Trainee: 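Here it is: the structure, laid out below.
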Amino acid sequence: MSALPKAKTDFLPWLLPIVVAAIALPLIGSGSTWVTLTIAGLAMGMMIFLMASGLTLVFGLMDVLNFGHGAFISVGAYVAVAVLAPLTGLVQSPLIGDNLLAILAAIIGAVVVSGGLGWAFERYMVRPVYGQHLKQILITMGGFIVVEQALHAIFGPTQIPLPLPQGFRGSIMLGDSAVEKYRIAAIILGLGVFAVMVTVLTKTKLGLLIRAGVENAEMVEALGYRIRRLFVGVFVAGSGLAGLGGVMWALYREQVTAQMGMEVMVLVFICIIIGGLGSVAGCFIGSVMVALLANYTGFLVPKVALISNILLMVLILLWRPQGLYAVAKRG
Amino acid sequence: MSALLSLEGVQTHIGQYHILYGVTFEVAQGGVTMLLGRNGAGKTTTLRTIMGLWRASEGSIRFGGQDITGFATPDVARAGIAYVPENMSIFADLTVKENMILAARDGAMDDARLKWIFSFFPALEKFWLTAAGALSGGQKQMLSIARAILEPRRLLLVDEPTKGLAPAIIGSLTECFQELKRQQTTILLVEQNFAMARALGDTVAVMDQGRIVHSGQMAELAEDSALQTRLLGLSLDAHQ
């Protein structure tokens with residue numbers, strides 16, 4: 001029997017955010033400011049992860065470049081506006097339970113509508129151009145423009161305010177550090193979604209099929225599984241997650257515009273490229289890294305903050321050209 | 001023996017290229033049919049066309065009396081055909097166990113069957129929880145074959161299983177195929193290793209330039225070096 005190279009679990013990428021945070025601490029100087037910036041970065045990272053995780057799976061599994069993914073983010077945000085508008089009582093209630101109920105209603109609405117839009121995108125726009133990357137870019141970009149203009153037509157061209165529910169306003173003190181309540185909620189939600197995704201991907205047969213399909217869809221079919229259905233399911237789930245991310249991002253900004261999906265897509269693409277296309281764990285680390293770096297450099301060297309994401313991507317790709325976790329293709 | 005699989009005038013195009021020009025042959029029930037031919041003769045394309053991975057543009061493919069010509073790949077697999085591709089196509093990021101779980105399409109893995117597989121391929125048991133990408137080439141091939149035989153299938157399509165492997169590994173694979181043959185498993189085997197072809201094959205079909213140019217008993221071809229030279233460009237003995 002030939003010798004087997006020992007399969008090692010690659011924890012190195014998980015150390016990167018810790019290293020970045022540790023380097024930032026002495027540069028920032030103040031512990032309380034560092035805590036505030038770190039929690040802000042983590043919250044932003046979680047929201048980007050929510051928006052990006054579906055896209056990385058869609059690309060990995062289906063080899064589809066969906067430039068229309070931002071449409072699901074925008075639609076999610078507008079659904080939040082529509083759902084929360086008649087729920088003013090719950091939004092303005094001093095009771096956190098009422099606030100949570102309002103946000104939950106907005107999230108459910110956004111996930112359902114964005115997921116439904118995702119289904120239509122896959123069925124009528126993406127399916128005819130499977131395997132044709134240039135056409136995918138053009139048609140999904142076109143789809144995004146159609147959705148964006150439809151949002152303008154329905155909600156008007158101006159930005160719409162989306163106030164945070166009363167209970168999520170303000171900060172709590174962690175030692176000397178003021179930490180916004182909403183950011184803590186975003187971190188909890190992001191970690192929860194990541195935990196669910198990892199559990200599904202590693203502990204269920206459905207997850208095994210998705211991971212196997214990301215590597216070699218053809219062989220999954222040859223084993224007797226109808227991967228087309230899996231494609232549709234992942235596309236819809238990814239669109240729904242983008243809708244969820246859209247709600248969280250809109251509440252974070254406290255305003256909604258039809259362009260917000262496209263604006264955040266640059267960050268989303270950077271995160272999934274850094275993470276390794278198709279890797280959920282890589283996407284998670286990439287999102288956290290991008291957001292932490294944006295917050296640290298925004299405080300330390302504001303001009304550098306404008307290019308910090310690109311610099312990070314260049315450095316990561318120089319180190320690992322296929323991203324933090326390269327997904328094996330056609331094993 | 002009756003035919004389990006029969007191809008009649010199968011033509012396959014890949015993009016603008018015409019690869020198969022009316023392939024016609026049968027795979028007998030309960031036997032091992034060798035599909036031989038030079039590189040580029042169309043052997044892999046034939047297997048992929050049977051699996052529905054490439055569509056036949058003309059002709060028919062019948063399996064167990066059913067026309068499966070237009071079947072999608074999952075339906076071909078569900079009809080009872082297992083496939084071991086030339087490049088093995090194991091899922092490198094998944095463990096050996098996870099690869100096998102996916103092969104157990106109809107439910108949980110059968111422990112007795114698993115032990116039987118381990119008796120041929122003990123490395124798979126040893127590296128059960130190891131990422132399949134870390135296995136050696138021979139071990140990957142073992143995994144690819146184990147995946148195909150984890151559940152009994154009516155027909156096994158195997159594409160060049162010994163390609164690039166060490167003789168010791170080839171021995172294990174041959175032993176496994178011989179046991180499958182004793183169990184009357186129907187196998188269509190593409191192979192360049194003529195010693196293995198001669199040891200396993202009951203019948204043979206030889207391809208050249210996208211066509212079947214000879215069909216018959218393996219024993220007849222094995223004993224006729226002139227025929228071997230005409231069909232394959234050299235005699236089987238030259239490959240011992």
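In this text the structure is predicted, and so the values were computed from the model without any measurement. So that the names make sense, note that chain A is the first sequence line, chain B the second, and so on, each numbered from 1.
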Trainee: Identify which one of A:Glu218, A:Met219, A:Glu221 satisfies the side-chain contact (heavy atoms from CB on, under 4.5 Å) criterion when paired with B:Thr73.
Mentor: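 It is A:Glu221, the one option of A:Glu218, A:Met219, A:Glu221 that forms the side-chain contact (heavy atoms from CB on, under 4.5 Å) with B:Thr73.
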Trainee: Within this structure, what is the CG-CZ distance for the pair B:Asp75 and A:Arg226, rounded to the nearest 0.5 Å?
Mentor: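 B:Asp75 CG to A:Arg226 CZ: 4.5 Å, rounded to 0.5 Å.
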Trainee: Side-chain polar contacts of residues 49-56 of chain B - donor-acceptor pairs under 3.5 angstrom, sequence neighbours left out - could you list them?
Mentor:
unit_1  : atom_1 : unit_2  : atom_2 : d
B:Thr49 : OG1    : B:Thr12 : OG1    : 3.0
B:Thr49 : OG1    : B:Thr45 : O      : 2.6

Trainee: Is there side-chain contact between B:Arg147 and A:Leu223, with heavy atoms separated by less than 4.5 Å?
Mentor: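 SC-SC contact between B:Arg147 and A:Leu223 confirmed.
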Trainee: Does a sphere of radius 6.0 Å around CD in B:Glu86 hold more than 12 heavy atoms from other residues, nucleotides or ligands, not counting ones at 6.0 Å or beyond?
Mentor: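 Atom CD in B:Glu86 is crowded, with more than 12 foreign heavy atoms closer than 6.0 Å.
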Trainee: Above 12 or not: heavy atoms from other molecules or residues under 6.0 Å from NZ of B:Lys97?
Mentor: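 No - once you tally the heavy atoms of other residues, nucleotides and ligands closer than 6.0 Å, there are 12 at most.
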Trainee: Could you tabulate the donor-acceptor pairs under 3.5 Å formed by side-chain atoms of residues 268-277 of chain A, not counting sequence neighbours?
Mentor:
none

Trainee: Would a 4.5 Å heavy-atom cut-off, applied to side chains only, mark A:Val220 and B:Phe91 as touching?
Mentor: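 Yes, their side chains come closer than 4.5 Å.
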Trainee: Measure the spacing between CG of A:Leu209 and CD1 of B:Ile101 and express it to the nearest 0.5 Å.
Mentor: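 Those atoms lie 10.5 Å apart.
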Trainee: Give the minimum heavy-atom separation between B:Asp93 and A:Glu215, together with the two atoms involved.
Mentor: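 Scanning both residues, the minimum pair turns out to be N-OE2, 2.5 Å.
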